[in-house]
Structure formats: structure tokens, C-alpha cells
Amino acid sequence: MKRLPPEALDRIYAAIRAVPRGRVATYGWIAERAGLPRRARLVGHALRHAPRRLRLPWHRIINAQGRISFPRGSEPYAEQRRRLEAEGVHFLRGRVRLDQYGWRLTLDELLWKPRE
DNA sequence: GTTGTGACGACTT
DNA sequence: AAAGTCGCCACAA
């Protein structure tokens with residue numbers, strides 16, 4: 001009954017590190033890229049316990065509704081929003097447009113569809 | 001064991 | 001739009 005490969009956490013952190021400045025990704029997308037489909041909650045968990053030393057761009061991870069997952073008005077919420085806006089990510093009615101700032105490329109897409 | 005909670009998400013009412 | 005429901009599963013109690 002096991003699950004959770006030992007490298008899972010590292011893959012999650014790597015996926016988070018891959019999100020560029022000024023872009024955002026959802027917990028679900030990160031999970032997918034880490035090879036852990038449907039494990040969005042695990043990403044949240046990993047982030048919550050991530051050592052600050054890793055210097056992860058944690059603020060670039062938001063939920064699938066384009067909103068920050070901390071309670072509105074809380075300090076963490078304010079800081080995440082502040083950091084995102086500082087990178088040029090614009091909020092509209094408390095939400096970020098994923099079709100505009102979302103970053104969801106996979107390695108396969110980069111290798112197979114570099115055209116256009 | 002069981003239960004509840006959670007930086008989540010897709011679907012259905 | 002908003003609220004439920006269900007899936008997911010690590011963790012703490």
C-alpha cells in the first residue's frame with residue numbers, strides 16, 4: 001500500500017523552481033509536471049513544509065481558480081500578492097488570469113513543438 | 001485502527 | 001456565481 005516515491009518531493013520542488021518570473025502555475029499543474037497527477041494537495045503540503053533555504057518561488061503557485069490559497073486579508077495572502085504584483089502579475093477582482101500568466105509547458109512540448 | 005483537516009481540483013447542482 | 005460532493009492522500013490526534 002505504498003505510494004509516494006522517495007524523489008517525489010524533489011520533483012515537486014524542481015517543478016516549482018521551473019516557473020519563470022512573472023508567471024504562475026497551479027498546484028495541479030505542478031503535481032502533473034512532477035509526475036504526480038491528481039496530487040495537487042501534496043504540492044500544497046510540500047510547499048507548506050519547504051525549507052526556506054531552498055529559495056523556492058512559492059508565491060508563483062496559486063490555485064486552479066487563479067486565486068491565492070491563503071485567506072483573503074491574512075498576512076501570507078498579502079505577501080504572496082505583493083510578490084506577484086512586484087513581478088508584474090496583475091490581479092483582477094482578486095484573481096490572476098491563468099490564460100495570461102499561467103505557465104504550463106512540459107518538456108515534451110518544448111522538444112516536440114518548438115515551431116510557430 | 002479511525003477521524004478530521006488541509007497553500008487542491010474536477011464536476012454537479 | 002456559489003455551494004456540494006467526491007477524489008486524492010499525508011499527517012496529527
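No hydrogens, no waters, no symmetry mates; every other heavy atom, side chains included, goes into these values. Everything quoted here is computed from the prediction, not taken from an experiment.
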Open item on the list: Expressed as a whole number of angstroms, how long is the span from Arg60(A):CZ to dA7(B):C1'?
Closed with: 17 Å
TODO: Give a yes or no on whether the backbone of Ser74(A) and the side-chain of Glu79(A) come within a donor-acceptor separation of less than 3.5 Å.
DONE: no
Open item on the list: Give me each pair satisfying side-chain hydrogen bond (donor to acceptor under 3.5 Å, both in side chains) with a member in residues 8-28 of chain A, each pair once, sequence neighbours excluded.
Closed with: none
Task: Separation of the C1' atoms in dT5(B) and dC8(C), to the nearest angstrom - done: 13 Å
Please write out the pairs of protein N or O atoms and N or O atoms of nucleotides 9-13 of chain C separated by less than 3.5 Å, giving the distance to one decimal.
unit_1: dA10(C); atom_1: OP1; unit_2: Arg39(A); atom_2: NH2; d: 3.1

Open item on the list: Out of the candidates Val96(A), Leu84(A), Val89(A), only one should pair with Arg60(A) under the side-chain contact (heavy atoms from CB on, under 4.5 Å) rule; please name it.
Closed with: Leu84(A)
Open item on the list: Expressed as a whole number of angstroms, how long is the span from Arg93(A):CZ to dA2(C):P?
Closed with: 11 Å
TODO: Take the protein atom CD of Gln65(A) and the nucleotide atom P of dA7(B), then report the distance between them rounded to whole Å.
DONE: 15 Å
Open item on the list: Strictly below 4.0 Å, N to O, side chains only: are Arg81(A) and Glu85(A) in salt-bridge contact?
Closed with: yes
Task: Whole-Å gap separating C1' (dA7(B)) and CD1 (Ile16(A)) - done: 10 Å
TODO: Only counting residues at least two apart or in another chain, list the ones meeting salt bridge (Lys or Arg N to Asp or Glu O under 4.0 Å) with Arg97(A).
DONE: Asp99(A)
TODO: Establish, with yes or no, whether the OP1 or OP2 oxygen of dC8(B) is under 4.0 angstrom from a side-chain nitrogen or oxygen of Thr26(A).
DONE: no
TODO: Indicate yes or no: does Arg104(A) engage Glu32(A) in a salt bridge with an N to O separation below 4.0 Å.
DONE: yes
- [ ] Would you kindly give the CD1-to-P distance between Ile61(A) and dG9(B), to the nearest whole Å?
- [x] 10 Å
Task: Integer angstrom distance from the P of dA2(C) to that of dA7(B) - done: 22 Å
- [ ] Calculate the interatomic distance between Leu36(A) atom CG and dG9(B) atom P; express it in whole Å.
- [x] 14 Å
- [ ] Please state how far atom CZ in Arg67(A) lies from atom C1' in dG9(B), giving the value in whole angstrom units.
- [x] 14 Å
Open item on the list: Distance check, C1' atoms only: dG7(C) and dG6(B), in whole angstrom units.
Closed with: 14 Å
TODO: Calculate the interatomic distance between Leu47(A) atom CG and dA7(B) atom C1'; express it in whole Å.
DONE: 6 Å
Task: Atom pair CG (Leu42(A)) and CD1 (Ile30(A)), whose distance is rounded to the nearest 0.5 Å - done: 12.0 Å
